[in-house]
Amino acid sequence: MSRPYEHKAVEARWQAYWEGARTFQSAEDASRPKYYCLEMFPYPSGRIHMGHVRNYAIGDVVARYKRMRGFNVLHPMGWDSFGLPAENAAIERGVHPQKWTKENIAYMRSQLRRMGLSYDWTREVTTCEPDYYKWNQWFFIKMYEKGLAYRKRSSVNWCPSCETVLANEQVEEGQCWRCDAVVIQKELEQWFFKITHYAEELLQGLTTLTGWPDRVLAMQRNWIGKSLGVEVDFPLAEPKADLPAIRIFTTRQDTIFGGTFMSVAPESPLVERLIEGRPQAASVREFVARVSRQEKAVRIAADREKEGVFTGAYAVNPFTKARIPIWVANFVLYEYGTGAIMAVPAHDQRDFDFAKQYGIPIRLVIQNPAGTLAEDRLDGAYEEQEAAGRLVNSDRFSGLPVPEAKTKIAAYVEEQGLGRRTVNYRLRDWGVSRQRYWGTPIPMIYCPACGVVPVPERDLPVELPKDVPFTGKGSSPLARAESFVQAACPKCRGPAKRETDTMDTFVDSSWYFLRYCSPQADRQPVDPAASAYWMAVDQYIGGIEHAVLHLLYARFFTKVTRDLGLTRADEPFLNLLTQGMVTKETYRCATHGWLIPTDLLGSEGEGWRCATCQGPVQKGRVEKMSKSKKNIVDPERLIETFGADTARLFSLFAAPPEKDLEWSDSGVEGASRFLGRIWRLLGDLHPQAGGPASTGEPTPRVADLRRLTHRTIKKVTDDIERDFQFNTAIAALMEFVNGLYKFAAERQADPSGSPSGAAAAEAAALREAAEALVLLLAPFAPHVAEELWEALGHPPSVAQQPWPSYDPALVASERLTIPIQVNGKLRSKIEVPADSTEEHVLALAQQDTKLSEWLQGKPPRKVIYVEKKLVNFVV
RNA sequence: GCGAGAGUGGCGGAACCGGCAGACGCGCGAGACUUAGGAUCUCGUGGGAAACCGUGGGGGUUCAAGUCCCCCCUCUCGCACCA
């Protein structure tokens, strides 16, 4: 056992053991409480990165800990394996996306195995396999049948050079990320999922997610963006038979008397109706064309100049009866509300800016408490929403505080038949069509006779054809695969065409956690009995970057799945841990840009120089590891050099999980050193020699050791239970090891022990300590723990041992150190028996000679005694 | 602008309910063992000669404040013309 610690051999040995013994395979077992621990599955980009290491190390500790606590743990892993990089590999290097993806998965799977993660690999899910994406298609059809999937025209990002739609995140500063062409907006027929159907439930459900971070809840709440307001019809001054009025949505109906004009979104079909036959028509059309050519990101920027053009048409403010002009304005969003607004320049900053620019009158209808506002002296809108503001110039509503006016006017609108109270959501339906190859084919057929026809369930999956051209140009590869496009109509058997768009890859990740419950189910995407047992996920762990999109889509799909009767879960993820980023310092040369550490000359002290040009190098900020910043550390090298246990331990110790983790070479060495210290400690102590319960006299040394053991068990357990504070749990293990070294040194200095039998008592206490240490270490550094567990004379596997428990009686100290303060400042400390009375402690404290200088013989004015904590004399 | 979070030694970070600020690790210093040490083990390590001073800054509450209250500064992240 005093052999050196060989991480490669030890880790390979136990990985093979776990696999052979199927240690981590899980099955439903109604007799035990289940625990579903899930980390976000990776995109198979080729190699794992430090973010994966951190994510999966955290999840693995949770899974292993819960297993030792007696839970039936489900801990699966899979591959989010559809997506653009695979297609780009095909375009750039001629590798088929499937080959590229499969090779990446094989490699990354081997990397994850080398990390010693406790996955049930029999449940592995790969989204690009037909037996998975078949169910995407199944969901799509079910949703189509329920009216939750529909087709409509909408505006999308379009790269004119690549001739394809780009996702928002593929547009960089208005340009195509691949060819740098300027991206334009284009109207296209697209498939949508009606996530807005669940808007209210998705919002309300957030209140049940008490195990989610506040900021993620806030982000989802903002994203859903519920607003209560009213829709009001503003009659046209010259009404048309089919267009008597323009409907607006507002949350500020209290300001309606201040509405001095209206604005319509440029994309609105209202625009054409309003300008028909008017002299303004040409200039309005020119304006609309100019605005719609602008890239969305530019147009939507909040600091964008307010621009507009008068349509020539007028409406009547239904409250003031004033004739008000109707404008087209660039800041009005067609997709939100009714695409038209009433403009109240006195109380809305955007309308104020607009009115100032075009000389439109301003009418003050809310006065501040000081009464200092005047229409001709306003230098900005008064946007008061609280009771401090009171209505003026508002007929019968004048004098009311704002909140009350909102209610009263809303009621009045309904009484008078001018409109109705309504709720608006910022959330839009989810556009899922992608003009890409490497995704799930949308299972729809267009028949000239029957129209849109879903592919019958028995014909699923609609498989991706393998033999298609990858050029990156022209329409999507599927559209040019004739044999794929041509299909028989399922209804009339006549010639028809397939949909050639594929689904957004976010669809794949919206229900994979359900699939893990029954990955082999072949009649349904998820077996209801399996999901009833395993769902919901007890702990979900992943990056904050998915705070809205993935997590919202997954919540949506869970509700759809529930309504299809396949799961009982309302929410997929009970507890969410958003781990921080892995960061590292950056270096930058003025001429050669970001540099990797091996491109640096010099040292920290004398300053860095660029190896290429000898020029000075700026030490940059600590940033998220990224290829472009050249501050990446490859986990493979880390594991190769130090082993998986060290890699895991470092990522868990250097920072609490939810905070950013700054990479540190010396920190890694520290983690490695700690494991070596444990290895040598247990090797040198020979604790296996210790017998069972001892009859010997417990010496103070033994009592101290047992107290340390039981305190450590308590501390590590508490830290894991309290929000997975692994960094402090590991710190406690380090203190434990330090204490054991001290114990060993003392025993060596005085080997006999004083009374007879002490040696046996010591051996027993030592054995207890050694076993506790190995068990507590097992979730963090599982390979070392298995090896040591065996060395202690136990059969494998430590992963299946129960978590150690502590004896509260042993945790408590017999003596306490009580700090003594004078006027709140620490002046002395006394040691007392733990069961001392207040009188006893105070008497001892007052006798303390160190205090005489501060008390100066006078009796204290006041004495504060906090039991077992401290004494404070106030003089 | 709105929302969330953060600011503590040379560094990463502890301090759970208002009760000894700086656990643990890194780094650094000293010693031991050694042919040697970048291995290992032990000890020390917030600043200051000291009185004292110290948790971004300024006020306050309290016997006692990193922690509670008020004001301010800086940084990070998210959302952002949503009517």
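Just so it is clear: chains get the letters A, B, ... in the order the sequence lines come, proteins before strands, and each one is counted from 1.
- A/K356 NZ to A/D351 CG: the interatomic distance, rounded to the nearest 0.5 Å, is 13.5 Å.
- In this structure, CG on A/N317 lies 9.0 Å from OG1 on A/T260, to the nearest 0.5 angstrom.
- Proximity of A/R426 to the phosphate of B/rA80: a side-chain N or O atom is located under 4.0 Å from OP1 or OP2.
- Comparing A/R215 and A/R677 by the nucleotide of RNA chain B whose heavy atom lies nearest to each, the residue mapping closer to the 5' end is A/R215.
- Between A/R673 and the phosphate of B/rG27, there is a side-chain N or O to OP1/OP2 separation shorter than 4.0 Å.
- Side-chain atoms of A/Q349 and A/D353 form a donor-acceptor pair, as typed in the model, at a separation below 3.5 Å.
- OP1 or OP2 of B/rA39 has not a single side-chain nitrogen or oxygen of A/R680 nearer than 4.0 Å.
- Using the Watson-Crick or G-U wobble rule with both distances under 3.5 Å, B/rG37 pairs with nothing in any strand shown.
- Side-chain proximity of A/Y336 to the nucleotides B/rG5, B/rA23, B/rC82 is greatest for B/rC82.
- For the atom pair A/Y358 OH and A/K306 NZ, the distance stands at 11.0 Å (nearest 0.5 Å).
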Between the protein and nucleotides 51-55 of chain B, which nitrogen or oxygen pairs come in under 3.5 angstrom?
residue : atom : partner : partner atom : Å
B/rC53  : OP2  : A/K825  : NZ           : 3.1

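- For A/F650 and A/W663, the gap between ring centers is short of 6.0 Å.
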What does the list of N/O pairs under 3.5 Å between the protein and nucleotides 62-65 of chain B look like, with a distance for each?
residue : atom : partner : partner atom : Å
B/rC63  : O2'  : A/N872  : ND2          : 3.3
B/rC63  : O2   : A/N872  : ND2          : 2.5

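- Only A/R722, A/N727, A/T728, listed by number, bring a heavy atom of residues 716-729 of chain A to less than 4.0 angstrom from any atom of RNA chain B.
- For B/rG9, there is no paired base (Watson-Crick or G-U wobble, both distances below 3.5 Å).
- Judged by a 6.0 Å distance limit and a 45° cone about the ring axis, A/R363 is not positioned over the six-membered ring of A/F257.
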